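Single-structure report; data block below.
Just so you know, these numbers use all the heavy atoms, side chains as well, and skip hydrogens, waters and symmetry mates. Order of appearance sets the numbers: ligands from 1, and atoms from 1 within every ligand. What you see is a predicted model; the values in this text were computed from it and never measured. Each residue takes its place number in the sequence, starting with 1.
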Amino acid sequence: MDRDGLDSLIDERVRYTVGFAHKNSPFYRHWFKENGIDTDDIRVHEDLLQLPIVSGRTIREHQPPNTPDFQFLSTNWEDIFTIQETSGTSGTPKSFFLTWDDWKRYAEKYARSFVSQGFGSDDRVIVCASYGMNVGANTMTLAAHRLGMTIIPFGKCDFASRAITGYRPTAIVGSVFKLLRLAHRLKQEGICLNETSITRLVAGGESFADESRAYLAETWGCPVYNTYGSTEGTMCGECTELAGLHVPEDLVHLDIYDPQMKVFVSDGNYGRAVLTTLLPKGSKAGTLLLNYDTDDTTAVISRERCACGRTHMRIFNPQREAETVWILGNSVNRVDVEASVFQPENMQFLNGEYEAFIYDGGSTGEVVMRVSVECSDPEITDRRLIEDCFVGKFLKNKKNLVPHYEDRTFSVMFNFVNPGELELYKIRGRPKRLIDRRSV
Ligand SMILES: [Zn+2]
């Protein structure tokens with residue numbers, strides 16, 4: 001569809017979805033009334049700016065035990081196929097209700113990503129993302145059915161190496177770090193990665209630096225494509241052009257807000273990603289979201305046709321706001337640290353695993369970042385080289401920290417450890433690699 005056709009389809013779906021929310025979602029019915037919104041005034045996607053923003057907290061506040069029933073549930077129980085919970089980092093998990101049609105729309109988005117990455121019926125794909133409450137692995141499996149692909153649903157990256165030699169899979173889906181650890185293990189088991197049947201990797205589940213992706217691609221000797229998905233229904237994927245993540249604009253509307261959440265930022269500028277479910281006319285949804293703050297930041301790269309031929313807009317790899325710390329007035333994301341670790345010169349000594357902590361310095365106002373990295377052999381590691389490469393890249397990215405580094409109000413310390421010795425292994429769940437331990 002060309003841009004004009006796509007934009008009018010989006011507007012038609014905005015109108016239908018807002019009307020559906022008014023009619024079927026107890027939360028949104030009250031929300032429109034409380035905010036004095038006449039849903040007939042929401043005609044085009046720009047009108048969504050007039051509506052308030054909801055967040056994960058809003059969902060939690062409108063489900064048991066806070067309310068007697070699930071206020072975001074927007075259809076009859078008979079229509080609900082599954083109930084998904086997000087692995088909430090704090091408090092009660094958010095509940096999402098999915099109809100079979102919701103699943104099919106989710107799968108449609110992943111199917112498009114797979115096609116745009118060159119997948120087809122000849123492919124055999126090992127899925128290392130976990131099945132269960134996360135929608136990702138199940139959605140990819142449904143998407144594979146549409147493409148006629150074969151799925152090997154291990155759900156984890158600890159499968160035996162015979163799966164590689166026996167089934168001759170053509171691709172693996174996992175997170176960057178799972179796929180790196182898998183590579184190291186397979187090498188130890190005597191498998192030469194360049195000689196396997198793997199032709200591509202799909203990385204998702206968390207944001208990553210271009211540098212860590214490049215290292216992963218080099219390690220496996222094949223391209224690595226990014227997908228970004230969530231239970232809330234964003235499912236964006238890179239095509240073979242590697243020119244940003246295509247947003248399935250006919251099924252999910254993405255606005256980028258300024259930090260005050262008052263206006264849209266113009267294309268090319270970073271801001272908060274706010275999503276709105278788009279329902280095709282006549283369809284139902286178990287849970288729908290209007291103006292939902294994803295807590296992720298990104299920017300629109302382009303709304304022009306991509307070199308792959310697709311018209312869907314492309315965005316930069318989103319970063320999690322929860323993984324951002326502020327150092328002397330500068331925002332630093334976990335990905336900034338990761339990019340500095342994965343400098344090519346460093347990788348002759350490192351295995352890629354890292355963690356960083358922010359501490360108060362010795363005097364008031366001083367900040368120390370302590371970076372721990374795992375070395376294949378700390379004894380023969382060129383520590384000076386790694387420190388120089390890290391700091392060089394980090395300050396190149398964060399130029400405003402240079403004067404602070406020079407007058408030592410900001411300093412970086414390094415800790416070189418053996419594989420398996422980072423603190424993050426002691427904590428269950430998704431590893432936290434950038435932790436602020438300052439007192440204030
Ligand atoms: Zn493309």
Any N/O/S atom, backbone or side chain, of C306 lying under 2.8 Å from the Zn ion (ligand 1)? yes
Ignoring hydrogens and angles, tell me if any N or O in the side chain of N397 forms a donor-acceptor pair with the backbone of F394 under 3.5 Å. no
Using the side-chain contact (heavy atoms from CB on, under 4.5 Å) rule, pick out the option among N194, L201, L193, V224 that qualifies with T219. L193
Validate the cation-pi geometry between R200 and Y225: distance from NZ or CZ to the six-membered ring centre under 6.0 Å, angle to the ring axis within 45°. no
Report the name of the N/O/S atom of H246 located nearest to the Zn ion (ligand 1). NE2
Are there over 12 heavy-atom neighbours, none belonging to E241, within less than 6.0 Å of that residue's CD? yes
Could you grab the angle centred on the Zn ion (ligand 1), going from SG in C239 to SG in C308, to 10°? 110°
